[in-house]
There are 2 protein chains.
Amino acid sequence: MLTVSHFRTPTVNASNRPKSFALSPGDMTQKAGVILAGALEVFTTYGYTAASMDRIAAGAGVSKSTLYSYFHDKERLFVSLIQWLTQNTNQIIFGLRTDLDPETPPDQVLRQMANAVLAEFSANQSLLTLMRLMIGESERFPDLAKTFVRTVQKPLLDHLALYFASQPQFKSLDPAVSARIFAGSLVHYLIIQNILHGRDIVPLDPDRMIDGLIYTIMAAGQSSLEA
Amino acid sequence: MLTVSHFRTPTVNASNRPKSFALSPGDMTQKAGVILAGALEVFTTYGYTAASMDRIAAGAGVSKSTLYSYFHDKERLFVSLIQWLTQNTNQIIFGLRTDLDPETPPDQVLRQMANAVLAEFSANQSLLTLMRLMIGESERFPDLAKTFVRTVQKPLLDHLALYFASQPQFKSLDPAVSARIFAGSLVHYLIIQNILHGRDIVPLDPDRMIDGLIYTIMAAGQSSLEA
DNA sequence: CAATCATACTAAACCGTCCAGTATTGTCAA
DNA sequence: TTGACAATACTGGACGGTTTAGTATGATTG
């Protein structure tokens with residue numbers, strides 16, 4: 001269970017040293033959300049180091065005092081932000097996971113998933129931002145990167161692998177590898193097109209990408225090729 | 001043709017304003033290479049902003065004066081470094097591209113390629129570093145990201161697509177999409193395992209990954225599934 | 001004599017702290 | 001219900017100490 005730690009209530013108590021709490025996201029103050037939203041934009045634009053706390057405060061429309069009353073320091077603000085995004089991402093992903101209904105044909109399920117992923121990632125910029133920040137700062141925050149893998153990537157891959165394993169059509173395929181191929185192709189596509197700004201350089205229609213991917217997996221599953 | 005621009009000769013002329021040249025990599029002084037190698041390590045460890053010019057100078061074993069005599073400023077040093085890495089990467093990739101011999105069976109060719117990619121990226125840390133830096137700084141240096149796509153990703157994808165198109169075994173597959181699936185699966189695998197430190201969290205043997213990937217593409221190619 | 005080194009310097013930015021003052025909100029007595 | 005008061009949240013600005021990019025100066029080396 002992920003909790004947003006390094007978060008402190010704005011209660012400036014007598015000692016002027018407010019203590020911090022590990023709060024579940026529901027407990028988070030409205031102001032904290034405003035700060036995180038502003039921080040996201042600034043971190044997105046400048047990266048971790050170049051994003052100054054002054055700019056974050058300005059971006060969030062909050063005084064620096066308030067900023068520091070909610071978050072102890074820059075590093076823990078960043079960690080809280082990533083955890084916040086991670087939770088949002090998780091909710092989104094688990095929201096769009098088409099309940100692996102064994103009735104509907106697998107190609108429809110897969111297409112539905114792929115469509116949802118590409119649509120969601122294209123519409124919701126913060127998901128790609130999370131990916132980019134995580135990769136970019138993975139050396140400075142290795143533990144955070146592992147948390148990201150554990151709470152976002154692993155459940156998704158496990159879910160996919162479970163689905164591939166459950167369908168007899170794919171019994172000749174390695175479920176774990178198929179999950180990697182499915183997710184990896186889409187993630188790589190998103191990285192090239194949206195993060196590295198390669199849309200005009202290596203253009204590829206998302207529908208064409210999805211069609212080809214679905215066809216490849218379906219065809220491989222139904223093949224009687226010997227290993 | 002890629003040239004290492006933003007590079008200036010160490011000639012500190014009278015006006016103390018040495019002019020810069022666009023030099024082909026062969027013209028690059030030995031010292032410039034030393035500086036770039038040191039810069040790579042520091043940028044890798046600290047990221048762009050947190051890598052100070054003092055640390056870079058120290059890491060390269062060079063005085064700061066010399067540093068600035070070869071590179072106008074930090075930004076152009078970084079651009080030169082990326083271009084330098086891009087060229088190295090290109091040479092490596094084009095070096096390991098198994099000359100698309102139509103004689104050898106496709107599965108062997110693909111396996112050879114996948115093996116070479118994974119082996120090379122695991123052994124040569126700087127390739128992954130390049131990937132990580134490019135993604136992490138893609139908002140600060142969008143043009144650099146495009147250059148990366150144009151000079152590294154696009155040739156690789158084109159090369160793969162051409163190969164898929166040339167082999168009758170894959171005539172039922174979309175060559176461009178197959179190239180994306182092939183490269184994307186491997187890149188995503190490398191990102192998860194090596195960049196995001198997910199080896200222990202979502203373990204997957206590289207050979208198993210390659211086997212599954214090759215099988216999937218081969219089986220899909222030989223399938224007679226109707227679209 | 002060109003290249004390099006070592007060092008010191010400037011001007012600016014940064015983080016985190018601190019504080020005087022201002023809204024906002026609630027409590028409680030009259 | 002109203003008015004006084006207290007607690008809390010927040011602002012805005014200033015500050016110390018540190019770090020940064022980039023420049024300048026003079027010594028050293030081959």
Side-chain angles (χ1 to χ4, degrees), chain A residues 6-21 23 27-39 42-43 45-81 140, chain B residues 6-21 27-36 38-39 42-43 45-81 137 140-141:
Chain A
H6 310 310
F7 175 82
R8 69 185 187 186
T9 55
T11 315
V12 179
N13 55 20
S15 73
N16 210 10
R17 282 251 162 276
K19 45 192 130 87
S20 66
F21 296 98
L23 296 184
D27 303 344
M28 209 160 29
T29 318
Q30 194 179 350
K31 206 93 191 178
V34 171
I35 293 176
L36 289 178
V42 179
F43 277 127
T45 309
Y46 294 91
Y48 175 75
T49 310
S52 77
M53 292 297 265
D54 283 289
R55 244 189 291 252
I56 290 172
V62 153
S63 76
K64 208 159 66 150
S65 317
T66 305
L67 189 57
Y68 276 96
S69 83
Y70 278 90
F71 301 96
H72 283 288
D73 52 30
K74 188 182 181 180
E75 187 166 327
R76 279 182 278 202
L77 166 62
F78 183 72
V79 172
S80 296
L81 172 64
R140 193 193 310 270
Chain B
H6 309 311
F7 175 81
R8 70 185 185 185
T9 55
T11 314
V12 180
N13 55 21
S15 73
N16 210 11
R17 281 252 164 277
K19 44 191 129 83
S20 67
F21 295 98
D27 303 344
M28 211 160 26
T29 318
Q30 195 178 351
K31 206 94 190 176
V34 171
I35 293 176
L36 289 178
V42 179
F43 277 128
T45 310
Y46 295 91
Y48 175 75
T49 309
S52 75
M53 292 297 263
D54 282 291
R55 244 189 293 253
I56 290 172
V62 153
S63 77
K64 211 158 66 149
S65 320
T66 306
L67 188 57
Y68 276 97
S69 83
Y70 279 89
F71 301 95
H72 284 286
D73 52 30
K74 189 182 182 181
E75 186 165 327
R76 278 182 279 199
L77 166 62
F78 183 72
V79 171
S80 296
L81 172 64
E137 305 295 340
R140 195 194 310 269
F141 299 96

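Since the structure is predicted, the reported quantities are computational estimates derived from the model, not experimental observations. Letters A, B, ... are given to chains in the order of the sequence lines, protein chains preceding strands, and every chain is numbered from 1.
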Which of these nucleotides, C:dT4, D:dG12, C:dC15, is closest to any side-chain atom of B:S63? C:dT4
Can you tell me how far C1' of D:dT23 sits from NZ of B:K74, to the nearest Å? 17 Å
Quiz question: going by heavy-atom distance under 3.5 Å, is there a donor-acceptor pair between the base of D:dA9 and the side chain of A:S69? no
Does A:A58 have any side chain to side chain contact (heavy atoms under 4.5 Å, CB included) partners at least two apart in sequence or in another chain, and if so, which? none
Think A:R55 has a side-chain N or O under 4.0 angstrom from the OP1 or OP2 of C:dA13? no
Heavy-atom donor-acceptor pair, B:K64 side-chain to D:dG22 base, under 3.5 Å: yes
D:dT23 C1' sits how many Å from B:H72 NE2, rounded? 15 Å
Aromatic ring proximity, centroids under 6.0 angstrom, B:F141 and B:Y48: yes
With axes from five pairs an end, tell me the bend angle of the helix from C:dC1-D:dG30 to C:dA30-D:dT1, nearest 10°. 20°
Result for 5'-nearest mapping on DNA chain D, choosing between A:D54 and A:V62, is A:V62
Heavy atoms, side chains only, cut-off 4.5 Å: are A:T45 and A:R55 in contact? no
To the nearest angstrom, the CE-P distance between B:M53 and C:dC5 comes to 14 Å
With side chains defined as the heavy atoms from C-beta onward, is the minimum distance between A:L36 and A:L77 less than 4.5 Å? yes
Ignoring hydrogens, what is the shortest heavy-atom contact between A:V34 and A:A60? Give both atom names and the distance. CG1-O, 3.5 Å
Measure the distance from CZ on B:F78 to P on D:dA21 and round it to the nearest whole Å. 14 Å
At under 4.0 Å between heavy atoms, what does B:T66 touch on the DNA or RNA strands: base, sugar-phosphate, or nothing? sugar-phosphate
Check if the side chain of A:S65 and the base of D:dG12 share a donor-acceptor pair of N or O atoms closer than 3.5 Å. yes
Are B:Y70 and C:dT4 close enough that a side-chain N or O sits under 4.0 Å from OP1 or OP2? yes
For A:A57, which contact category applies under a 4.0 Å heavy-atom criterion: base, sugar-phosphate, or nothing? nothing
Starting at CD of B:E75 and ending at P of D:dG22, how long is that distance when rounded to a whole Å? 9 Å
Nearest of D:dA21, C:dG16, C:dA6 to any side-chain atom of B:S52? D:dA21
Any side-chain heavy atom of A:L81 sitting closer than 4.5 Å to one from A:I35? no
Could you tell me the separation between the CZ atom of B:F71 and the P atom of C:dA3, rounded to a whole number of Å? 15 Å
Residue pair A:L67 / A:M53: nearest heavy atoms and the distance that separates them: CD2-O, 3.5 Å
B:L67 CG to D:dT23 C1': how many Å, rounded? 13 Å
Measure CZ/B:R76 against P/D:dG22 and give the value in whole Å, please. 9 Å
Output, in order, the C-alpha distance, side-chain angles, deciding distance and verdict of side-chain contact (heavy atoms from CB on, under 4.5 Å) for A:K74 and A:F43. CA-CA 11 Å; A:K74 188 182 181 180; A:F43 277 127; 4.2 Å; yes
